[in-house]
Amino acid sequence: MRVFGRGEGGGSADGIGARTESEYEALRRRCEERLRALEAAEPLQQVHLPSLLRSEGMSRRTFLKWASATTALLFLPASFEKLVARAAAVMNRVPVIWVEYQDCAGNSEAILRADGPTIDELLLDVISLEYHETLMTPSGFQAEAQLEDALQAFRGKYILIVEGSIPTEDGFGFNGPRGESFLENLKRLSRDALAIIAVGSCASYGGIPAAYPNPTKAMGVWDIVKGKPIVNIPACPMNPANLIGVLLHYVLTGTLPELDYLLRPKFAFGYRIHDNCERRAHFDAGEYVEQWGDEGARNNFCLYKMGCKGPMTFNNCSIIRYNDGTNWPIGVGRGCIGCSEPGFWDKYAYERPMAGANIPVPGLWNLGIERSVDLLGVGLLTAAGAGIAIHAFLSAKYGKKSDEGAPGAPPKEKS
Amino acid sequence: MNGEASGTIVRVTRMPKSWRIFHWVNFLAVFAAVVTGIYIARPYYQAMIAEPAVRKFVMGWNRAIHLYAAITIDVLCVVSFYLYFLSRFERPVRKLLPTREHGREFFEVLANFFTFNRRKRFDSAELDTFNAAWFTLLHLLLLFQLFTGLQLYVYSLESGLSSVGGWWPWLMHMATDWTYWAFGGRMGVRWVHHFTMYLLLAWIAFHVYYEIWRTVYWREGDIAIAFGGEKIARRLPGTAAE
Ligand code: HEM
Ligand code: SF4
């Protein structure tokens with residue numbers, strides 16, 4: 001049994017772990033040493049962060065603001081801000097291979113900045129993406145050759161980022177010109193990886209492809225790869241800020257962040273949506289949106305009755321939001337669908353409270369039996385009521401009342 | 001067996017005062033947990049929109065009452081299991097031992113119920129095996145609510161912090177995290193916690209019906225046990241107890 005109390009990370013990563021003044025001092029020394037080494041190393045990709053920022057019209061002040069926000073995101077004291085800024089500049093020293101399996105490319109999309117780029121998104125230009133099918137220019141055998149080169153050059157040093165679930169049923173999901181199955185591909189690429197980061201709910205737990213009846217027997221990375229450090233960054237899609245957080249943490253400290261029982265970084269998934277939601281006061285007050293567009297909706301009431309799963313979902317979107325802090329689902333007036341929780345599609349993503357929704361009955365997941373708990377419960381009570389009524393009727397008709405004064409059963413033998 | 005006899009009728013004490021207090025406190029707590037639990041599941045009344053939010057806390061109160069009721073149930077659950085084994089009045093656990101005699105009695109009580117009291121071949125002056133098993137089922141259901149409910153409670157303390165100290169969430173995690181894996185995650189835990197409420201309601205429905213039925217057909221005043229602690233039992237002439 002996995003127990004998930006405080007500090008009970010299921011992962012093999014050390015995490016920052018510092019709590020006291022002297023521990024932070026030791027951590028700072030370690031980070032500085034590491035940054036010096038990285039700064040001395042040859043960049044894998046010729047990107048100069050200051051000029052990149054300038055070309056996007058971002059001032060140094062904007063960058064420093066980002067650095068202090070990211071320092072806080074990683075639970076580091078403000079004195080680490082400069083180190084975080086330095087780490088961002090040397091992110092091009094860490095080789096990254098990004099593969100995509102069964103999914104909608106939403107996580108790639110999330111970093112592709114359809115709108116103006118954020119610094120988090122820009123930093124994904126800085127990292128040395130050795131291979132990313134969707135983004136790279138080469139394709140087919142050329143792309144394959146590039147991948148081989150990267151695998152040779154960075155054996156044991158690259159971070160493998162996986163997007164999408166892995167089908168384990170024969171005949172589903174192939175990539176590359178040789179038609180290698182996703183499963184084989186993942187096994188091959190993970191063998192020499194330093195660590196694996198599963199981005200999005202599909203790569204983390206199977207996500208939507210794994211929804212019932214899961215025709216491809218889709219799984220998450222951690223179901224398949226054993227004995228490697230794995231970080232899950234679920235959500236649909238993951239927030240680019242959290243990916244940058246994990247990568248920066250690695251660049252800065254040489255370790256992966258502290259993880260929770262689902263291998264999610266605690267700095268991002270240690271919060272419950274519900275506890276940091278701007279509508280929480282309305283929840284406690286019993287003020288709910290009852291229908292889209294009603295009086296409650298116009299007053300930004302709580303979305304619990306419209307099926308908000310914020311009370312059961314852990315993620316930091318209520319704090320850092322999406323698209324550079326522009327907004328997030330509950331902010332735009334629709335409930336949370338628990339997209340960062342395992343099995344969210346079957347168990348969380350419906351627009352009514354759990355009690356009234358047809359969801360898989362616990363214990364009978366694989367039979368496809370989906371019932372609302374209230375329907376089954378009221379059915380049970382009706383059956384009980386009917387049984388009682390029948391018994392009462394038959395008792396009245398055929399029953400025998402013990403007679404006044406008539407003897408009952410003999411008492412038990414006294415021992 | 002305690003009691004006094006008068007002819008073929010004996011008066012027996014079946015629940016001491018403390019048991020009766022536990023019985024009714026338990027009933028009230030379960031009732032409160034049901035009413036507030038349903039509200040938590042689907043808030044079925046709307047707070048008056050014109051009221052300022054600071055004064056109402058409708059959901060807040062429902063959750064608070066649910067948790068007060070829960071703590072009451074949890075404490076009584078521990079007390080009940082203690083009494084099962086160590087009560088000075090009567091130890092129901094003895095009735096649960098799977099002996100041949102108990103098996104026969106269990107069957108006889110059922111036969112009595114399904115023959116509509118045409119056949120009654122067991123001693124109705126004391127706790128019978130069927131009711132002992134039925135009451136145990138209640139305590140197991142409540143124990144189950146305790147585990148699933150505490151899991152629902154502790155998961156929101158993700159920070160591991162608590163005003164009484166980190167040991168408290170730690171203890172709850174240790175005791176209840178198995179439910180997370182057993183029911184396929186938090187939503188599964190919530191589902192079974194909710195469903196067990198219906199099992200409890202069905203349990204109560206049968207319990208109330210059965211005690212009334214016994215009172216009507218046996219004519220031994222069983223329903224009075226819960227109030228005065230005593231009932232009467234019929235005896236063959238000349239075999240009065242004690
Ligand atoms: C007779 C016993 C009980 C009944 C009938 C009952 C019923 C319920 C119901 C129907 C819900 C709503 C679940 C949903 O969302 O569908 C609920 C929630 C909950 N119950 Fe119970 N419950 C009982 C005992 C307990 C106990 C012993 C605890 C222990 C602490 C507990 C803690 C909770 C918690 C924490 C929640 C979730 C509240 C929230 O998310 O705000 N319950 N209960
Ligand atoms: S909108 Fe959702 S997360 Fe926000 S308070 Fe309501 S239930 Fe909680």
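This is a predicted model, so every value here is computed, not measured. As a basis for the values below, the full set of heavy atoms in this structure was taken, side chains included, without hydrogen atoms, waters or symmetry mates. In what follows, every chain begins at residue 1, and chains take the letters A, B, ... in the order their sequences are listed.
Side chains of Glu287(A) and Asn300(A): no donor on one and acceptor on the other come within 3.5 Å.
The most heavy-atom pairs under 4.5 Å with chain B, out of Tyr288(A), Tyr348(A), Tyr398(A), come from Tyr288(A). Ranked by heavy-atom pairs under 4.5 Å with chain B, the list Gly387(A), Gly399(A), Gly377(A) is led by Gly377(A). Most heavy-atom pairs under 4.5 Å with chain B: of the set Met354(A), Lys401(A), His391(A), this distinction falls to His391(A). With chain A as the partner, the residue from Leu201(B), Ile212(B), Ile38(B) showing the most heavy-atom pairs under 4.5 Å is Leu201(B). Per-residue heavy-atom pair counts under 4.5 Å with chain B were compared for Ser395(A), Ala384(A), Gly356(A), and the maximum is reached by Ser395(A). Between chain B and the options Ser372(A), Gly385(A), Ala392(A), heavy-atom pairs under 4.5 Å are most frequent for Ala392(A).
The parts of Phe195(B) that come within reach of chain A are both its backbone and its side chain, each placing non-hydrogen atoms under 4.5 angstrom from that chain. Of the two parts of Leu380(A), only the side chain, counted from C-beta on, holds a non-hydrogen atom closer than 4.5 Å to a non-hydrogen atom of chain B. For Lys397(A), no part lies under 4.5 angstrom from a heavy atom of chain B. Using a 4.5 Å cut-off between heavy atoms, Leu381(A) contacts chain B through its side chain alone, with no backbone atom that close. Looking at His274(A), there are no atoms closer than 4.5 Å to chain B (heavy atoms on both sides), in backbone or side chain. With a threshold of 4.5 angstrom between heavy atoms, Leu199(B) approaches chain A through its backbone and through its side chain. Using a 4.5 Å cut-off between heavy atoms, Ala383(A) makes no contact with chain B at all. Only the backbone of Arg371(A) comes within contact range of chain B, with heavy atoms under 4.5 Å apart. For Ile204(B), no part sits under 4.5 Å from any heavy atom of chain A, backbone or side chain. Contacts of Trp191(B) with chain A are made by both backbone and side-chain atoms, with heavy-atom separations under 4.5 Å.
By the 6.0 Å and 45° rule, Lys309(A) stacks over the aromatic ring of Tyr350(A).
Judged by distance alone, the side chain of Glu370(A) and the main-chain N or O of Val361(A) form no donor-acceptor pair under 3.5 Å. For the pair Arg186(B) (side chain) and Tyr180(B) (backbone), a donor-acceptor distance under 3.5 Å is absent. Using a distance-only test at 3.5 Å, with no hydrogens or angles considered, a donor-acceptor pair links the side chain of Glu341(A) to the main chain of Phe314(A).
Closest non-hydrogen pair, Glu220(B) versus Lys231(B), comes out as OE1-NZ, 2.8 Å.
Under the ring pair (Phe, Tyr, Trp, His ring centres under 6.0 Å) rule, Phe113(B) has a single partner from Tyr210(B), Phe107(B), Trp218(B), Phe122(B), which is Tyr210(B). Considering Val192(B), Val189(B), Leu150(B) as possible partners of Thr179(B), the one that fulfils the side chain to side chain contact (heavy atoms under 4.5 Å, CB included) test is Val189(B).
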Next item on the list: Apply the test salt bridge (charged side-chain N to carboxylate O under 4.0 Å, His left out) to residues Arg121(B) and Glu105(B): give CA-CA distance (whole Å), side-chain angles for both, the deciding distance (0.1 Å), then the verdict.
Entry: CA-CA 8 Å; Arg121(B) 299 186 190 153; Glu105(B) 192 185 66; over 6 Å; no

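Partners of Lys217(A) under the side-chain hydrogen bond (donor to acceptor under 3.5 Å, both in side chains) rule, at least two apart in sequence or in another chain, are Glu169(A).
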